[in-house]
Amino acid sequence: MYTSADLRKGLKLIIDGEPYIVTVFDFSKPGKGQALYRTKMRNMITGIQIERTYRPGDTFEPAQLEERAMQYLYKEGDIYHFMDNQTYEQITITEEGLGDAKNYLTENMNARILMFGDRAIGVEVPNFVNLRVIKSEMWVKGDTSGSDSKPATVETGYTLRIPPFVNEGELITIDTRTGEYSTRVKEIGRSGEGRVASDQ
């Protein structure tokens, strides 16, 4: 069991039978009063934010979460299908449950799935993914918008800004932590295998 002294940002615990993660934590001790632990927490299933205040000695049940390596198979409507790499068991996650990870998923990609009991509640994709640009606007030198980038859409439907020298059909690396362009991938041969080019 956790106590209020264990509270900190990122701590995962059970509130009313569901897993929550502490997103904001503040400790205060008013003059002669009792110490207070103020928190904001996000429900890891529904995404709902709550605020709670605790006193010294309050206890909490740790959230028993498990990470499993899985492969993304396909999307059907707004349902995403994954397969466990060890057991070959298949699970589904809604588009809402995926959050930003949906912007980077391509078929057969490996990802880490966060499980609460037998329920998938989150997805962690690699920090960098290679995606193909399927649409980009022409960039005009001297564009008065003040930026040396142009909007582009990649194969997952995600839209971001890329440098003007990147063209439709090219493979780019995206940093999934920020959602931003990282570099262009230089493809060798027709196998689809690529190596990261030096131009950024």
Side-chain angles (χ1 to χ4, degrees), residues 2 7-25 39-50 60-135 151-162 170-185 192-194 196:
Y2 292 133
L7 288 171
R8 65 187 181 281
K9 188 175 178 179
L11 187 71
K12 300 174 182 77
L13 42 91
I14 299 294
I15 305 285
D16 302 326
E18 295 198 329
Y20 281 79
I21 183 168
V22 177
T23 57
V24 176
F25 171 74
T39 65
K40 286 185 182 177
M41 294 180 273
R42 180 175 49 81
N43 185 306
M44 296 178 73
I45 297 172
T46 65
I48 292 173
Q49 297 264 3
I50 62 170
F60 316 94
E61 180 185 348
Q64 299 298 322
L65 303 173
E66 175 192 6
E67 264 194 4
R68 288 164 59 183
M70 295 198 182
Q71 185 179 61
Y72 170 57
L73 299 177
Y74 62 94
K75 177 184 176 186
E76 190 174 40
D78 69 343
I79 303 295
Y80 290 71
H81 294 257
F82 292 83
M83 181 182 69
D84 189 300
N85 291 344
Q86 299 293 320
T87 66
Y88 304 108
E89 168 195 1
Q90 290 191 23
I91 63 151
T92 59
I93 305 177
T94 63
E95 190 168 299
E96 185 180 25
L98 283 176
D100 289 341
K102 70 179 181 292
N103 296 329
Y104 315 112
L105 286 173
T106 56
E107 289 183 8
N108 303 318
M109 175 186 279
N110 287 316
R112 301 202 63 77
I113 309 297
L114 191 61
M115 305 290 293
F116 177 62
D118 59 356
R119 186 172 183 180
I121 62 170
V123 178
E124 185 179 311
V125 294
N127 288 342
F128 295 94
V129 296
N130 293 341
L131 295 172
R132 194 166 302 282
V133 176
I134 59 167
K135 181 181 173 190
T153 304
V154 292
E155 59 193 288
T156 61
Y158 178 60
T159 303
L160 73 161
R161 296 195 72 82
I162 61 173
E170 290 193 281
L171 208 56
I172 61 170
T173 300
I174 298 174
D175 185 332
T176 61
R177 297 164 298 185
T178 63
E180 295 176 359
Y181 168 89
S182 177
T183 189
R184 181 167 58 173
V185 175
E193 295 294 317
V196 177

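Worth knowing before you read on, the calculation uses all heavy atoms, side chains too, and leaves out hydrogens, waters and symmetry mates. On a predicted model such as this, the values are computed, not experimentally measured, just so you know.
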- Message: Is any side-chain heavy atom of Ile15 closer than 4.5 Å to one of Leu13?
- Response: yes
- Within-4.5 Å side-chain heavy-atom neighbours: Thr176 and Pro126: no
- Message: Donor-acceptor pair, distance only, cut-off 3.5 Å: does the side chain of Thr153 make one with the backbone of Ile134?
- Response: no
- Message: Does any part of the side chain of Val154, heavy atoms only, come nearer than 4.5 Å to the side chain of Tyr181, both counted from C-beta?
- Response: no
- Query: Within a radius of less than 6.0 Å around CZ of Arg112, do more than 12 heavy atoms belonging to other residues, nucleotides or ligands occur?
  - Reply: yes
- Just checking, is any N or O donor in the side chain of Asn130 or Thr173 under 3.5 Å from an acceptor N or O on the other one? yes
- ring pair (Phe, Tyr, Trp, His ring centres under 6.0 Å) contacts in which one or both residues fall within residues 83-110, not counting sequence neighbours: Tyr104-Tyr158
- Between Leu11 and Thr39, is any pair of side-chain heavy atoms under 4.5 Å apart? no
- Query: Counting distance only, does the side-chain N/O of Thr23 pair as donor-acceptor with the main-chain N or O of Lys40 below 3.5 Å?
  - Reply: yes
- Return the minimal non-hydrogen interatomic distance between Gly179 and Ile174, and the atom names on each side. C-CG2, 3.9 Å
- Task: Can you see which heavy atom on Glu155 is nearest to which on Arg132, and at what distance?
- Result: OE2-N, 2.6 Å
- Message: Measuring from atom NE2 of His81 to atom CG of Leu73, what distance do you get when rounded to the nearest 0.5 angstrom?
- Response: 8.5 Å
- Task: With the side chain counted from C-beta on, respond yes when Asn85 and Gln71 share a heavy-atom pair under 4.5 Å apart, and no when they do not.
- Result: yes
- Message: Is there a side-chain contact between Arg68 and Gln86 in this structure, where contact means two heavy atoms from C-beta onward sitting under 4.5 Å apart?
- Response: no
- Approximate separation, where rounding is to 0.5 Å, of Leu160 CG and Ile172 CD1: 5.0 Å
- Message: Please report the interatomic distance CE(Met41) to CZ(Phe25), rounded to the nearest 0.5 Å.
- Response: 11.0 Å
- d(Leu98 CG, Tyr72 OH) to nearest 0.5 Å is 8.0 Å
- Query: Closest heavy-atom contact between Tyr20 and Glu18?
  - Reply: CD1-O, 3.3 Å
- Contact check, side chains of Leu105 and Lys75, non-hydrogen atoms, under 4.5 Å: no
- Item | Chi angles and distances behind the side-chain contact (heavy atoms from CB on, under 4.5 Å) call for Thr156, Thr106 | CA-CA 7 Å; Thr156 61; Thr106 56; 4.1 Å; yes
- Message: If you compare all heavy atoms of Val133 against all heavy atoms of Ala152, which two are closest, and at what distance to 0.1 Å?
- Response: CG1-CB, 4.1 Å
- Item | Value rounded to 0.5 Å, distance of NZ in Lys12 from CD1 in Ile121 | 9.0 Å
- Query: Would you find more than 12 non-hydrogen atoms of other residues, nucleotides or ligands less than 6.0 Å from Asp100 atom CG?
  - Reply: no
- Item | By side-chain hydrogen bond (donor to acceptor under 3.5 Å, both in side chains) - contacts of Asp175 (at least two apart) | Arg177
- Message: To the nearest 0.5 Å, what is the distance between CD1 on Ile45 and CD on Glu96?
- Response: 12.0 Å
- State which residues pass side-chain hydrogen bond (donor to acceptor under 3.5 Å, both in side chains) with Glu107; sequence neighbours excluded, sorted by chain then number. none
- Report yes if some heavy atom in the side chain of Phe60 is under 4.5 Å from a heavy atom in the side chain of Leu7; otherwise report no. yes
- What's the shortest heavy-atom distance between Ile14 and Pro62, and which atoms? CG1-O, 3.7 Å
- Message: On a heavy-atom basis, which atom in Phe116 and which in Pro19 lie closest, and how many Å separate them?
- Response: CE2-CD, 3.5 Å
